[in-house]
Amino acid sequence: MSGRIVPILMPKWGLSMKQGTLSSWLVEEGSEISPGDEIMDVETDKIANALEATDGGLLRKRVGMAGETYPVRALLGVLAPPSVPDSEIDAYVASFTAPVVEEADDEEPVRLFLDLPVGRIRYAERPGDGIPVLLVHGFGGDLDNWLFNIDALAEAGSVVALDLPGHGQSVKSVAAPSLTTMTDAVIGLMDSLGVARAHLVGHSMGGLVAGRIGIDRPDRVASITLIAAAGLGEEINGAYLDGFVSASSRRDLKPALAHLFADQGLVNRSMVEDVLKYKRLDGVGAFLEALRGTLFPGDRQATDIADDLAGIGCPCHAIWGAEDAIIPAAHAGAVEGATVIDGAGHMVQMEKAAEVNRLILSWTSS
Amino acid sequence: MARTLSMKDAINEALDQEMGRDPTVVVLGEDIVGGTGSPGEDDAWGGAMGVTKGLIHKHPGQLIDTPLSESAYIGAAIGAATCGLRPVAELMFVDFMGVCLDQIFNQAAKFRYMFGGKAETPVVIRATCGAGFRAAAQHSQMLTPIFTHIPGLKVVCPSNAYDTKGLLIQSIRDNDPVIFLEHKNLYDRETDVPEESYAIPFGEASIAREGTDVTIVTYGMMVPYSLEASETLKREGIDVEVIDLRTLSPIDLDTVFESVEMTGRLVCVDEANPRCSIASDVAAAVAQEAFGSLKGPVAMVTAPHAPVPFSSALEDLYIPSPERIADGVRQTMGERSS
């Protein structure tokens with residue numbers, strides 16, 4: 001059938017997503033769509049977000065109905081130029097359904113563990129060609145912070161994401177955690193996986209980790225992308241860190257997490273529960289307190305790598321949410337040509353995933 | 001990879017990890033080792049329900065089979081707790097608490113208070129509870145209200161394997177006597193459970209389902225039943241919030257009030273008998289503190305004021321069912337029961 005017909009599919013946001021609810025369409029049939037346009041609101045049991053178009057074209061048919069729940073990769077709409085007759089589109093829709101579910105399993109990122117000197121490290125790997133993209137999350141985060149990025153980036157090549165020591169499902173008992181603990185873990189993971197060089201993409205504290213590796217081990221780094229990164233200035237929201245580190249209940253944690261997003265409605269019960277489940281694990285409280293004390297004492301950052309970064313040989317890029325309430329967007333100025341995205345907070349890679357993915361791909365797939 | 005575990009295995013893992021972490025944690029009860037000293041694994045029962053199976057091999061010396069005398073070994077556990085151990089005593093059925101009640105409510109529950117805060121009694125008493133097991137009136141009761149009534153006791157009744165592991169670990173680390181009640185019919189239900197140890201603090205309810213029209217407040221086996229009812233009601237356009245209290249003492253009324261302030265309607269679902277129950281307790285608290293938010297009378301869906309029948313047909317009618325819960329919700333919405 002025609003390559004001119006492009007399907008719009010229910011996205012797969014993260015390992016556990018099996019289905020999603022099409023809350024509402026944001027575009028009409030007959031409208032011209034550009035990549036990055038928000039085309040529908042989708043809600044999962046983890047998060048609600050606008051689905052942004054990955055392809056452009058004329059929206060010929062809305063197949064998915066608002067309010068209905070569909071499995072991952074189900075056909076929700078069809079893009080095609082006006083020259084394609086309606087009958088061909090109807091035939092495309094009718095013949096589409098079968099392959100959907102089987103495909104979903106193949107594409108699940110494999111989650112694995114590796115034993116490094118620091119302890120057990122969890123990582124996710126998506127095989128592919130070229131220099132891998134290595135995703136490094138921020139303080140208190142885990143590899144699921146890349147929920148909306150890992151699949152999109154994997155379409156262009158190999159992607160690896162990890163849980164840093166003390167985070168996610170990686171080792172929790174880490175004596176005197178420091179920036180070196182984190183950089184050693186990333187390098188150790190690369191060594192174990194046989195990754196000679198990687199495109200490092202770091203969010204927040206993960207940006208500091210990525211930058212530090214770029215400075216210390218330029219031989220291991222093909223490019224650096226810093227997203228709302230630490231290490232480029234002094235200010236950091238100490239009240240957020242206090243709230244996040246000390247919160248042990250849903251009631252205390254939810255307002256802290258709200259600081260992370262421009263659209264605070266994104267902080268739903270399930271997101272709060274997931275963070276609480278992490279924070280309840282033995283050792284996490286002490287770990288976070290110790291790491292915070294080392295890297296972000298009070299309301300300032302202990303490490304500034306901006307000057308060192310300016311001199312490194314590999315390309316260095318930065319992306320920031322204009323409404324970042326944790327690390328001010330002004331810090332983006334430390335990196336030449338940084339992109340500041342409107343309508344996004346600290347978790348810009350979640351809130352404006354399509355745009356962030358496009359930027360990263362433009363820098364890593366060349 | 002997400003790992004699922006049954007509630008039964010989650011209890012086993014919590015005991016295993018806590019005994020490994022702290023040598024003062026000991027487990028005692030009837031047949032919990034089963035055939036200690038006899039050859040072969042076949043005789044090692046691991047308790048009436050097999051919950052402690054295999055633990056003796058990992059922690060020899062930390063599990064003790066006791067004589068068939070609840071009054072003796074519950075008393076021994078409480079005494080050991082006052083002397084520096086952290087005993088976890090397993091009682092086959094909560095229904096047998098009667099013969100050891102003095103040790104629990106007149107001794108353990110009072111020590112901290114009567115010794116001016118200087119005595120601690122870090123004992124956990126685990127027991128199965130609840131109907132639906134075809135085990136008749138003497139092995140099927142939901143006696144949560146009796147223990148919740150006693151100041152000085154903490155009372156836990158989880159609804160899923162994740163909460164069970166975290167709440168049992170918290171119970172063992174807690175310095176007060178905890179009554180930990182496990183619904184038999186939840187034992188084989190699985191959820192995602194982290195392999196690592198974690199503790200869930202007492203007194204924080206979980207919102208098992210978010211909704212805007214009606215609040216159901218419940219715990220234990222009635223949580224999955226209420227969620228099932230909520231799915232039925234969703235198709236009728238009624239959006240139900242389900243609050244799982246998780247711990248009955250301490251109780252998280254703030255979460256209840258916040259929810260009722262939003263929905264204006266309350267259904268208290270309790271597998272216990274209706275008089276002086278968790279349901280009546282929550283209904284009274286809401287009437288006192290959030291009356292102005294209520295759009296209509298509070299509904300209670302409970303077992304009848306009668307013993308649990310042995311007849312399976314009658315037992316099924318006795319236990320609040322998803323259908324009866326849905327009817328209770330419809331009632332508060334001003335609709336007739338179906």
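Below, all heavy atoms of this structure are taken into account, side chains as well, without hydrogens, waters or symmetry copies. No experiment lies behind these values; they were computed from the predicted model shown. Lettering of chains follows the sequences in order, A, B, ..., and the numbering in each one begins at 1.
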Problem - Value rounded to 0.5 Å, distance of OG in A:Ser249 from CG in B:Asp254 - result: 10.0 Å
Problem - Whether A:Arg280 side chain and B:Ser197 backbone form a donor-acceptor pair below 3.5 Å - result: no
Problem - Part of B:Glu258 within contact of chain A (heavy atom distance under 4.5 Å) - result: side chain
Problem - Which atoms of B:Asp252 approach chain A - backbone, side chain, both or neither, heavy atom under 4.5 Å - result: side chain
Fill in the blank from the handout: Here the gap from A:Asn268 atom CG to B:Glu210 atom CD, rounded to the nearest 0.5 Å, amounts to 6.5 Å
Practice task
Give a yes or no on whether B:Lys58 atom NZ has more than 12 heavy-atom contacts from other residues, nucleotides or ligands under 6.0 Å away.
Solution key: no
Completion exercise
In terms of heavy-atom contacts, B:Arg173 and A:Asp282 come closest through NH2-OD2, 2.7 Å
Fill in the blank from the handout: Between B:Pro201 and A:Ser248, the two heavy atoms sitting closest are CG-O, 4.0 Å
Practice task
Measure the CD-CG distance between B:Glu204 and A:Leu276 for me, rounded to the nearest 0.5 Å.
Solution key: 6.0 Å
Practice task
Establish, from distance only, whether the side-chain atoms of B:Thr255 and A:Arg250 form a donor-acceptor pair under 3.5 Å.
Solution key: yes
Handout entry: A:Lys277 charged N/C atom sitting above B:Tyr162 aromatic ring, 6.0 Å / 45°
Key = yes
